[in-house]
Chemist: 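My questions will all concern the structure given below.
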Amino acid sequence: MNKYELMFIIDPALDADKKDAAIEAVKAIIAADGEVTEINEWGMKKLAYPILKKTEGYYVVMQLNASPALPKELDRRLRISDNYLRHIIVAKDEK
């Protein structure tokens with residue numbers, strides 16, 4: 001299992017229930033082939049530049065342990081969903 005950090009921005013137009021559902025959907029994808037070790041919800045933050053004419057987004061950062069194949073599948077699923085504005089998956093070094 002490798003260690004990864006996932007950061008994603010949820011569409012601010014979603015209500016609280018749909019934001020929670022979006023976070024749970026990501027956790028479910030990860031649970032299929034790994035585990036979430038930590039979740040930090042940063043909340044609403046101003047974006048550095050407008051994305052799809054939106055100036056704010058709901059930020060979530062997750063630490064996870066997963067197989068090397070999971071980031072590719074996670075990237076694919078986050079890319080096709082309209083609930084997520086942006087995301088990034090970073091492999092963490094073991095030091």
Side-chain angles (χ1 to χ4, degrees):
M1 291 275 197
N2 296 336
K3 293 184 179 186
Y4 297 97
E5 181 175 80
L6 165 66
M7 180 174 158
F8 57 94
I9 306 170
I10 299 174
D11 188 343
L14 298 177
D15 61 7
D17 292 337
K18 289 187 179 180
K19 285 179 188 170
D20 291 340
I23 294 169
E24 290 300 319
V26 172
K27 286 179 13 184
I29 295 168
I30 294 168
D33 199 18
E35 64 177 345
V36 176
T37 57
E38 184 180 344
I39 299 174
N40 293 324
E41 293 187 33
W42 291 1
M44 294 296 286
K45 300 276 185 191
K46 185 171 172 51
L47 299 174
Y49 54 89
I51 301 172
L52 301 174
K53 298 185 180 179
K54 295 176 171 68
T55 58
E56 289 187 327
Y58 190 85
Y59 283 72
V60 179
V61 178
M62 290 185 178
Q63 308 295 326
L64 55 118
N65 296 326
S67 68
L70 182 72
K72 187 173 182 180
E73 176 65 16
L74 190 58
D75 181 54
R76 184 186 72 80
R77 291 206 192 165
L78 291 175
R79 202 177 289 265
I80 62 175
S81 176
D82 292 335
N83 293 338
Y84 310 99
L85 297 178
R86 289 285 189 273
H87 67 277
I88 187 167
I89 304 167
V90 179
K92 296 182 77 174
D93 289 336
E94 293 186 29
K95 291 187 179 183

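FYI, the numbering just counts along the sequence from 1.
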Chemist: Same cluster for Tyr59 and Tyr4 if Ile/Leu/Val/Met/Phe/Trp/Tyr side chains link at under 4.5 Å?
Modeler: no

Chemist: Check whether Ile88 and Ile29 end up in the same hydrophobic cluster, where Ile, Leu, Val, Met, Phe, Trp and Tyr are linked by side-chain heavy atoms less than 4.5 Å apart.
Modeler: no

Chemist: Without placing hydrogens or testing angles, list every side-chain donor-acceptor pair under 3.5 Å for residues 70-81, not counting sequence neighbours.
Modeler:
from: Glu73; atom 1: OE1; to: Arg76; atom 2: NE; distance (Å): 3.3
from: Glu73; atom 1: OE2; to: Arg76; atom 2: NH2; distance (Å): 2.9
from: Glu73; atom 1: OE2; to: Arg77; atom 2: NE; distance (Å): 2.8
from: Glu73; atom 1: OE2; to: Arg77; atom 2: NH2; distance (Å): 3.3
from: Asp75; atom 1: OD1; to: Arg79; atom 2: NH2; distance (Å): 3.1
from: Asp75; atom 1: OD1; to: His87; atom 2: NE2; distance (Å): 2.5
from: Asp75; atom 1: OD2; to: Arg79; atom 2: NH2; distance (Å): 3.0
from: Ser81; atom 1: OG; to: Asn83; atom 2: N; distance (Å): 3.2

Chemist: Would you give me the side-chain donor-acceptor pairs under 3.5 Å for residues 44-56, sequence neighbours excluded?
Modeler:
none

Chemist: Under the rule for salt bridge (Lys or Arg N to Asp or Glu O under 4.0 Å), what residues qualify as partners of Lys27, not counting sequence neighbours?
Modeler: Glu24

Chemist: Does a sphere of radius 6.0 Å around NZ in Lys19 hold more than 12 heavy atoms from other residues, nucleotides or ligands, not counting ones at 6.0 Å or beyond?
Modeler: yes

Chemist: Which atom pairs, one a donor and one an acceptor, fall under 3.5 Å between side chains of residues 5-18 and the rest of the protein, sequence neighbours left out?
Modeler:
from: Glu5; atom 1: OE2; to: Gln63; atom 2: NE2; distance (Å): 2.7
from: Asp11; atom 1: OD1; to: Ala13; atom 2: N; distance (Å): 3.0
from: Asp15; atom 1: OD1; to: Lys18; atom 2: N; distance (Å): 3.0

Chemist: Check whether Val36 and Ile23 end up in the same hydrophobic cluster, where Ile, Leu, Val, Met, Phe, Trp and Tyr are linked by side-chain heavy atoms less than 4.5 Å apart.
Modeler: yes

Chemist: Between CG of Leu64 and CD of Glu35, what distance do you get to the nearest 0.5 Å?
Modeler: 9.0 Å

Chemist: Using the rule that Ile, Leu, Val, Met, Phe, Trp and Tyr join whenever any side-chain heavy atoms are under 4.5 Å apart, tell me whether Leu85 and Val60 fall into a single cluster.
Modeler: no

Chemist: The criterion is side-chain hydrogen bond (donor to acceptor under 3.5 Å, both in side chains); which residues satisfy it with Tyr84, sequence neighbours excluded?
Modeler: none

Chemist: Quick test of your reading: applying salt bridge (Lys or Arg N to Asp or Glu O under 4.0 Å), list the pairs with at least one residue in residues 60-71, sequence neighbours left out, ordered by first then second residue.
Modeler: none

